[in-house]
2 protein chains.
Amino acid sequence: MKRINIKDVAKEAGVSISTVSRVINKSAPVKEELRKKVEEAIKKLEYKPSIVARSLRKGKAKTIGLVIPDITDPYFPHIVKGIEDYLKKEDYTLLLSNSGQDLEQETKIIETFESNHIDGVIFIGSGLTNPYLKHLKERGIKVVYLDRILKGIDVSYVVSDNKQGMHDLLQYLYDTNHRSFHFVNGNENTFSAQVRYEAFAEFMEKNNIKSYKHIYSCFSYDAGYQYGKEIDLKKLPDVIMGGNDLIAYGLMDALDERGVKIPDDVSITGFNDIPFSRHYKPSLTTVRQPIYKMGYTAANLIIQIINSDGPVFKGIVLKTELIVRNSTRRRD
Amino acid sequence: MKRINIKDVAKEAGVSISTVSRVINKSAPVKEELRKKVEEAIKKLEYKPSIVARSLRKGKAKTIGLVIPDITDPYFPHIVKGIEDYLKKEDYTLLLSNSGQDLEQETKIIETFESNHIDGVIFIGSGLTNPYLKHLKERGIKVVYLDRILKGIDVSYVVSDNKQGMHDLLQYLYDTNHRSFHFVNGNENTFSAQVRYEAFAEFMEKNNIKSYKHIYSCFSYDAGYQYGKEIDLKKLPDVIMGGNDLIAYGLMDALDERGVKIPDDVSITGFNDIPFSRHYKPSLTTVRQPIYKMGYTAANLIIQIINSDGPVFKGIVLKTELIVRNSTRRRD
DNA sequence: CTGTTAGCGCATTCAT
DNA sequence: ATGAATGCGCTAACAG
């Protein structure tokens, strides 16, 4: 029941605690003989250094906090996995918390994180803005935004190239004779939705397309489903684009229930390429984001920042990939 | 950059650090006047108590470690959410780690957890056995198993009633005239697969069904897909049951590609009712596990155990629910 | 190369 | 009701 500590090990090995510490951390040379003794003692007592004590002493906890909107959304688990995998390599601990996109929740989470002496925070797709960031900076806590860029402030980020991805998708649609577009986008207050809208609007403009419609809704199955239920079937466009794959699923299901054939009557597209999209019926044409890699990269970046002395601000943009499947077809 | 500590607050408020501590923890009465001063100082300095220091001092970190096979499997995120939601209410911190079902990984994770002074560990669907548990018990670290029962040892657990669920499913199939069964089960070394097999075998026995086949494979889409690709179409049974929903998906897709109509030519069933099964084409007949609730309950249980003095061993079995959808139909 | 010692921030005796 | 002093387990500065 009692915790084995460094003192116990020192006594067992017949050395001082500093020697034990040196062996553990390889922070200074120790004579072979003593080193062996210490290692044996550690093994014998099953000693595990207290990270808590170490953190207190060093003022660093080797811990990264992760704020995520909702782990239940199939887009996020792969990101988390990516983050975790990298962090593990660096012997960092991961603190995870779901914010539900709620600013108040987010604030509470950060406070808890701060109490835990975290070294850095990765925010995923969050709405968090300036006031808090300043506070974190003052406390020396590093920040990386994932899947979002904060305008006007120097905060490092990792995103995928939403704009290019959206452009590729639109270009493909255009090349396959799609001339009228609906875009059922996600939450207006998110970076992803905004960037995708910008790319969309730009494309319409450039190609002089007048027949289009854009609405912000919500990044969920239900949002797509509802739109699919309400749209006027007599005025179906060539393609209805979902702000993400979930919206596209909802769209397809609702239309299917109303007897609309996909892709025969209308093309449907998504965004993200979550693992299921390949298996959906019909399989979904979408834009793949390198989800796992985004997580991995963000973790890498924050560790880099933590390990550097001066302030570092770095933005990383990852490539997307157009994935054409069976929910779209060339229009006549 | 410097951390505000209890001393700073004490100085600001003009009291001793013990008084500040008392105010924060309500551990002893403090005169109204001083209390106010302290609270103001805390607010002014934006003081956040160091959980690290507190943990070191108290020997308890108010932290729960979670070992999960793979956050990327759609079955788990809801469990994690359930755990997190409960833990948050109790002001506990969650440490998350993916084990990939690998015993060595698991061992490393536990060691890290232990270094972090965790109070308890929740294992999800893990294969971890005796040797480690004993070690944890010696260290006073509480353990709860989720989705798995360890035989012969006193370890608390939360599971859903796999046996009853399987029975309900089979009874439904039997009542709708299914008389020949294939069961493509998951990994043999998992609790879930074993229990489901037992229920299956028992049912075959009781109802004197001779026409059945059971194999252990792997809880994945690919496992189901492969089986669906290889099965002899001339000897299709009335129903092919998947060990979980993912297997069922793979089964359906492979059969579909080979021109087999579901449920017309063969019924397909799953297990778990992950959120997508409702939307699959065809929608999947399956057994719903109360996924979120299992997580929530496990978190509740471990806190209960931690807060009790003596050793507590408690097994909680949650109810499952048969969900009949369109991947099955009455046989003629 | 090794040992002694201070102090990280806090909760908790023990005095008063 | 309040303050002073101790120590949780560790690392780093210092002394040898």
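Below, each value reflects all heavy atoms present in this structure, side chains not excepted, and no hydrogens, waters or symmetry copies. Every chain is numbered from 1 and lettered A, B, ... according to where its sequence line falls, protein lines coming before strand lines. From a predicted model like this one, the values you see are computed outputs, not experimental measurements.
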- Item | Inter- and intrachain pairs under salt bridge (Lys or Arg N to Asp or Glu O under 4.0 Å), touching residues 45-54 of chain A, at least two apart |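 Of all non-adjacent pairs touching residues 45-54 of chain A, none passes salt bridge (Lys or Arg N to Asp or Glu O under 4.0 Å).
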
- If you look only at pairs with a residue in residues 20-34 of chain B, which of them pass as a salt bridge (Lys or Arg N to Asp or Glu O under 4.0 Å), with sequence neighbours excluded?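 Non-adjacent pairs meeting salt bridge (Lys or Arg N to Asp or Glu O under 4.0 Å): B/E32-B/R35.
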
Find the distance [X]:[atom1] to [N]:[atom2] and express it as a whole number of Å.
X	N	atom1	atom2	answer
B/K11	C/dG9	NZ	P	13 Å
A/N116	C/dC10	CG	C1'	14 Å
B/R35	D/dT2	CZ	C1'	15 Å

- Message: Could you check whether A/K108 pairs with A/E104 (Lys NZ or Arg NE/NH1/NH2 to Asp/Glu carboxylate O, under 4.0 Å)?
- Response: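 Here A/K108 does not pair with A/E104 in a salt bridge, since their nearest N and O are not under 4.0 Å apart.
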
- Can you sort out the partners of B/K293 under salt bridge (Lys or Arg N to Asp or Glu O under 4.0 Å), two or more places apart, ordered by chain and number? none

- salt bridge (Lys or Arg N to Asp or Glu O under 4.0 Å) filter on B/D8, not counting sequence neighbours, yields B/K2

- Item | Residues which pass side-chain contact (heavy atoms from CB on, under 4.5 Å) with A/P74, listed by chain and number, not counting sequence neighbours |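 In terms of side-chain contact (heavy atoms from CB on, under 4.5 Å), with neighbours along the sequence ignored, A/P74 is linked to A/L246, A/I274.
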
- Task: List for me each residue that meets ring pair (Phe, Tyr, Trp, His ring centres under 6.0 Å) alongside A/F191, sequence neighbours excluded, and say none if there are none.
- Result: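 Scan of A/F191 (ring pair (Phe, Tyr, Trp, His ring centres under 6.0 Å), adjacent residues dropped) gives none.
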
- Task: Using the test ring pair (Phe, Tyr, Trp, His ring centres under 6.0 Å), find all partners of A/Y86 that sit at least two apart in sequence or belong to another chain.
- Result: A/Y296

- Residue-phosphate contact under 4.0 Å: B/T19 side-chain N/O, D/dT2 OP1/OP2: no

Please tabulate, one pair per line, each protein N/O and nucleotide N/O from nucleotides 5-9 of chain D that are separated by under 3.5 Å, including the distance.
residue: D/dG7; atom: N2; partner: B/R57; partner atom: NE; Å: 3.4
residue: D/dG7; atom: N2; partner: B/R57; partner atom: NH1; Å: 3.4
residue: D/dC8; atom: O2; partner: B/R57; partner atom: N; Å: 3.3
residue: D/dG9; atom: OP2; partner: A/N5; partner atom: ND2; Å: 3.2
residue: D/dG9; atom: N2; partner: A/A53; partner atom: O; Å: 3.3

- Applying side chain to side chain donor-acceptor pair (under 3.5 Å) to B/S160 and not counting sequence neighbours gives B/Q289

- Message: Taking side chain to side chain donor-acceptor pair (under 3.5 Å) as the definition, give me every residue that meets it alongside A/E12, ordered by chain and number, with sequence neighbours left out.
- Response: A/K44

- Item | DNA chain C contacts among residues 20-28 of chain B, heavy-atom distance under 4.0 Å |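 The answer is B/S21, B/R22, B/N25.
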
- Message: So if I take residues 36-44 of chain B and measure heavy-atom distances to DNA chain D, which residues fall below 4.0 Å?
- Response: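 Nucleic-acid contacts, sorted: none.
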
